[in-house]
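All chains are named by letter (A, B, ...) in the order of the sequence lines, taking the proteins before the strands, and each is independently numbered beginning at 1.
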Amino acid sequence: MSDPTLILRVRNLTARIATRKEEIHAVRGISFDIAAGEAVGFVGESGCGKSVTARAIMRLAPEGTSIALGGSVDFMGQDLLQLDEKAMRDLRGRRIAMVFQDPMTSLNPVMTIGSQIDDIVRRHTELRGRAIRQRTVELLNLVGIPNPERRADNHPHQFSGGMRQRVLIAIAISCDPDLLIADEPTTALDVTVQAQILRLLMRLREERGMSLMLITHDFGVVAGMVERVNVMYRGEIVESGSVERVFAEPAHEYTRALLHAVPRLDTAGRVL
Amino acid sequence: MRLAKKRPTDAPLLQVRDLSVVFPAQRGNPPLAAVKGVSFDIAPGQTLGLVGQSGSGKTTTGRAILQLQKVHQGSVELLGEDLTKMSSSNLRRMRRHMQFVLQNPYSSLHPRMTIAQTLTEPLRVHRSVPPSQMRERVAELLELVNMDPAVMHRYPNAFSGGQRQRIVIARALAVNPDFVVCDEPVSALDVRTQAQIVTLLRSLQDKLGLSYLFIAHDLAIVREVAHKVAVMFGGRIVEMGNASQVYDTPAHPYTQMLLNAVPIPDPIIQRKRLRLTPPEFRFSADEDHDGPCSHGENHVRTGTAPWHQIADGHGISCRYWPPTS
């Protein structure tokens, strides 16, 4: 890679998703960069291709589909689209980790929280024996789970939605990834819990210097969290720039329409 | 056709008093008081926004008002008649005055019924239009929600989420109701579609004089539609007032926390807000205790509701305040 400060350099990425019924050209040749330690937001309406972009980087097909990728995804000097499946498996979770929207379906309901994190730590680190659980407790503590030693023995249903999302973040950062992809990480949560999770992501990012790719439909969520934002529409990036510039002077008509439609608490409401 | 009974013109359309809902004990869990002593009025042509986090009792309140959920205590008067004491045949007669619009436009339309069939069903049930005029009425309803009447013979799968929600709204309006409960009517939709549906609901209100109970977790959306706002927490209304009172001068600590947590689509403001250390609120348990409340009144002795007026039309509950140390 020419620029050493970049950790991700995506060029002309295309993704076709095939279901049994049809094939969808979900991502139509997009290019973007993410620098080391940088947070980049992807916003757009449902079906715009933002989630498929995230999955394409991880080379994961949405449930029940197959995915055909084109272009290049240069991650720290390696084109991920050229890696064999084994090399890709080693990289997933370890160097690039992902947090999804629904924390319930991402956890195994019959295993304790602690043993699920233990498994990940065992798979991805050299730690063995008691050191594994120590690391698990440390991770739970890091994401703000109170009484982590005791709570590690709980099952997912004993955790609230916000706590489960914290657990998924703990799992995602367990191997100190270089890039964390968060796909609508707070969409299923109440607004007060959302604020806690956003603060947690911001803190972890700063403490660990990891890059963040934040995917959301919510302009309020993206506003405080990222330096740059890419607006997606119908599988393409229609606008890209610093978050301040895009919010203050949206250049593309679609971005203007989206921003205009966002209701705001800090401006007048209903005219009575 | 309004009810024959003469009502004073300034009377509220809906009057809810001390409404409580208790879910019975289940599988070893004790009974759960989901709604506790909720009271409010909705005037004709006005919207009450009901906000709060999931599990606060908003949806149960809406269902209890429509008598879709058993009411434990309290009264619900629509057009001057108490729905909680009504026989089922009288209640059926009242149903044409009250309708609802739910969150998911994908599951609330029958996939094998055409739009025309969906819209004629309520007309037939309430015998509000003679069969010869059904088609005309269906076309009129579709025009009311800004859809082309030519689509009436299509099935729901031909429509987007926003179009389906328009059809759901048209169905609710088919019988000329006075009052519509909208429970998260736009939360499943994209932001541009949300704005269109909100605009539609407001213009229908102006045109038809409808009253809405607008239930949503999205405080910014509620600000766009509501004249009055009630904030729910733990089954109670903890604050109520007109929209500017609640949004601009929130007085209950829960309302303040909720408003502070809403992300603002402005990078500079929002970044600053995220950097602030969040206030740690612990809300006290909801118990009657013999002693002064957060406002210095002993409700056990006086027998009054735990409610305090702080300005004209603006009140707060003295329950669920952080414990004073």
- prompt: Between A:Arg205 and A:Glu227, is there a salt bridge with N-O shorter than 4.0 Å?
  reply: yes
task: Please state whether the rings of B:Phe233 and B:Tyr320 are parallel, tilted or perpendicular, taking 30° and 60° as the class boundaries.
output: perpendicular
- prompt: What residues, two or more places apart in sequence or in another chain, satisfy salt bridge (Lys or Arg N to Asp or Glu O under 4.0 Å) together with A:Asp33?
  reply: A:Arg11
- prompt: Are side-chain heavy atoms of A:Leu201 and A:Pro185 found at a separation under 4.5 Å?
  reply: yes
query: Which of the residues A:Ala195, A:Ala248, A:Ser46 is involved in the greatest number of heavy-atom pairs with chain B at under 4.5 angstrom?
result: A:Ser46
field: Contact class of B:Leu259 relative to chain A, heavy atoms under 4.5 angstrom
entry: both
- prompt: Hey, which of B:Ile221, B:Ile268, B:Asn260, B:Ile269 has the most heavy atom pairs under 4.5 Å with chain A?
  reply: B:Ile221
- line: Of B:Leu204, B:Val101, B:Val168, the one forming a side-chain contact (heavy atoms from CB on, under 4.5 Å) with B:Leu173 is B:Leu204
Leading residue by heavy atom contact count with chain B [cutoff under 4.5 Å; candidates A:Met202, A:Met225, A:His260]: A:Met202
task: Say whether B:Ser244 and B:Asn242, considering side chains only, have a donor N or O and an acceptor N or O under 3.5 Å apart.
output: yes
task: Please list, in residue-number order, every residue in residues 252-259 of chain A that has a heavy atom less than 4.5 Å from any heavy atom of chain B; write 'none' if there are none.
output: A:Tyr254, A:Ala257, A:Leu258
message: Report which part of A:Val246 has an atom under 4.5 Å of a heavy atom belonging to chain B: side chain, backbone, both, or neither.
response: neither
Cation over ring face, B:Arg112 and B:Tyr155, 6.0 Å, 45°: no
query: Looking at A:Phe247 versus A:Phe219, is the centre-to-centre ring distance below 6.0 Å?
result: yes
field: Region of B:Arg275 in contact with chain A, defined by heavy-atom distances below 4.5 Å
entry: both
- prompt: So does A:Arg245 pair up with A:Glu239, basic N to acidic O under 4.0 Å?
  reply: yes
field: With B:Arg319 via salt bridge (Lys or Arg N to Asp or Glu O under 4.0 Å) - residues at least two apart
entry: B:Asp286, B:Asp288
query: Would A:Glu184 and A:His217 count as having a side-chain donor-acceptor pair, cut-off 3.5 Å?
result: yes
- request: Please examine the side chains of A:Phe32 and A:Ser240, heavy atoms only from C-beta on, and report whether any two atoms are closer than 4.5 Å.
  value: no
field: Sorted by number, residues from residues 15-30 of chain A in contact with chain B (heavy atoms, under 4.5 Å)
entry: none
message: Let's test your reading of the structure: which of A:Arg203, A:Gln194, A:Glu206 forms the most heavy-atom pairs below 4.5 Å with chain B?
response: A:Glu206
message: Tell me which of these, B:Gln270, B:His217, B:Arg192, has more heavy-atom pairs under 4.5 Å with chain A than the rest.
response: B:Arg192
- request: Answer yes or no: is there an ion pair linking B:Arg271 with A:Glu244, defined by an N-O contact shorter than 4.0 Å?
  value: yes
